[in-house]
Amino acid sequence: MSEIEDRRLFSTYQRYGIKLVKGRGARVWDNFGREYVDFMAGFGVGILGHGHPDVVKAIQEQLESIFICHGSVYNEARERFLEELFRVAPRHMSRAFMSNSGAEANELALKLARKYTGRKGFIAFTGAYHGKTAGALSVTFSPKYREGFEPLLEPVKFLKYGDIKALDDADFKEAAAVIVEPIQGESGIIVPPDDFLPTLQEKARAAGSLLIVDEVQSGMGRTGKWWAHQHWGLEPDIMTAGKGIGGGVPMGVTVATESVAQALKVGEHSSTMGGNPLASAAGAATIKAVDGLLDKVEDRGRAIMSGINRANSPLVREVRGKGLMIAIDLKVRFRDVLLEAMNNGLISLYSGLTVIRFLPPYIINSKDIADAVEIFSKSIQKIEKKMSV
Ligand SMILES: Cc1ncc(COP(=O)(O)O)c(C=O)c1O
């Protein structure tokens with residue numbers, strides 16, 4: 001319902017058909033004044049919801065001092081961001097490169113691995129999503145995203161996600177790095193078996209391949225720890241972050257150990273907008289604010305999942321997830337349920353063909369949770385009736 005967007009933008013997005021004009025906390029409003037609970041939150045970007053006062057204040061103050069400053073010139077907002085980032089980053093990592101998106105953060109991770117190891121290949125996983133720029137797309141699994149754009153980076157070997165036997169059978173010796181989502185997001189919130197990631201780390205290390213963990217969706221507190229890989233005690237060589245890390249302002253970050261980061265020399269990577277003061281200020285405020293919410297993430301996630309389970313719908317195959325990274329796997333295609341819920345006031349997202357995904361803000365209160373659960377339950381019941389199950 002935007003004539004100019006439909007006519008003038010490349011037609012690359014599946015559209016929801018609503019136009020949002022205002023957001024506060026976990027609620028958004030469309031141009032007809034209809035209110036929605038926002039469990040999409042910009043595809044997981046809005047970790048503090050809309051208009052968080054600390055983020056708004058940080059951005060406003062930065063706008064009034066300086067908001068254009070290239071990475072070749074020092075800047076106080078960037079300094080503050082780095083102080084916050086390395087307060088919460090894994091302790092064995094010490095350097096970061098700041099960019100503008102998750103895909104960009106992964107591009108650098110792949111470059112860095114090649115430069116450090118002198119090897120060309122990569123190992124990635126079935127179901128993996130690391131972005132759609134050429135390098136990131138090379139390690140993204142889905143043929144529907146890749147077809148028409150190959151050859152991409154080569155060689156890339158895709159192993160079965162979550163399968164220890166696949167790790168045992170694989171040869172890591174040619175791989176510059178293994179890139180993995182600690183919990184897969186786009187493919188439907190897949191939490192791997194407990195021994196999968198530690199075994200992967202062991203195999204990669206033994207073969208001299210780097211371990212890249214992509215925390216673009218699962219990081220920044222989404223699962224109740226700052227970084228999802230910490231649930232399994234991993235020590236990756238490179239970690240990437242994006243989505244909510246800039247508090248809604250575009251930002252991607254590639255973090256690495258000292259020795260890996262030292263592989264890049266002056267001029268070998270850059271980004272005109274990376275580390276800009278506005279994103280830095282918003283990011284520093286966001287990290288501070290997430291601090292006070294981390295210990296609530298898992299309880300809030302559990303409350304949502306048990307609420308959905310209570311609805312006991314015959315159309316739901318499984319409710320799964322960790323923290324506020326939640327999937328409702330349906331026995332039918334997601335579309336009718338997602339649209340019915342949206343028409344009743346709950347915006348969610350999807351994965352594959354049958355999964356409704358929730359990536360709500362961490363600031364959700366009990367009313368937001370109760371409303372979302374009620375709307376979802378009512379909506380799925382309506383679809384059940386329509387299908388007479
Ligand atoms: C795990 C993961 N990596 C990378 C990306 C790509 O991030 P962006 O869309 O900011 O380029 C995404 C986006 O959904 C993601 O979920």
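Both ligands and their constituent atoms are indexed starting at 1 by order of listing.
R87 has no carboxylate O lying under 4.0 Å from a charged side-chain N of E83, or vice versa, which leaves the two without a salt bridge. Note on R302 versus D299: salt bridge recorded, some NZ/NE/NH1/NH2 to OD/OE distance being below 4.0 Å. With salt bridges taken as basic N to acidic carboxylate O contacts below 4.0 Å, none links K378 and E374.
The single protein non-hydrogen atom nearest to atom 16 (O) of ligand 1 is Q217 NE2, 2.8 Å, given as residue, atom name and distance. When only non-hydrogen protein atoms are considered, atom 11 (O) of ligand 1 lies nearest to A103 N, 2.8 Å. The protein non-hydrogen atom at the shortest distance from atom 3 (N) of ligand 1 is D214 OD2, 2.7 Å.
Within 6.0 Å of atom CZ in R335, 12 or fewer heavy atoms from other residues, nucleotides or ligands are found, so the atom counts as exposed in its surroundings.
In E186, the part holding a heavy atom less than 4.0 Å from any atom of ligand 1 is the side chain. If you look at N106 next to ligand 1, the close heavy atoms, those under 4.0 Å, all belong to the side chain. Looking at Y129 against ligand 1, both its backbone and its side chain come within 4.0 Å, counting heavy atoms.
Close contacts of ligand 1 with S101, meaning ligand atoms under 4.0 Å from a residue heavy atom, involve 10 (O), 11 (O). Every atom of ligand 1 is numbered from 1 in the order shown, and the set under 4.0 Å from a heavy atom of V216 is 2 (C), 3 (N), 4 (C), 5 (C), 7 (O), 12 (C), 15 (C).
Shown here, atom 9 (O) of ligand 1 is out of close reach of the protein: none of its heavy atoms lies under 4.0 Å off.
Here the CZ-OG distance, from F334 to S351, works out to 8.5 Å after rounding to the nearest 0.5 Å. With rounding to the nearest 0.5 Å, the separation of CG in L234 from CE in M239 is 12.0 Å.
In this structure, F125 has its ring center closer than 6.0 angstrom to the ring center of F196.
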* To do: Would you sort out whether R15 and E5 count as a salt bridge (Lys or Arg N to Asp or Glu O under 4.0 Å), showing the intermediate values?
  => CA-CA 11 Å; R15 295 298 201 155; E5 286 200 28; 2.9 Å; yes
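Among S218, G252, G102, the residue whose heavy atom lies closest to atom 7 (O) of ligand 1 is G102.
Heavy atoms of K243 approach ligand 1 to within less than 4.0 angstrom.
In terms of polar-atom proximity, defined here as any N/O pair under 3.5 Å, E181 makes no such contact with ligand 1.
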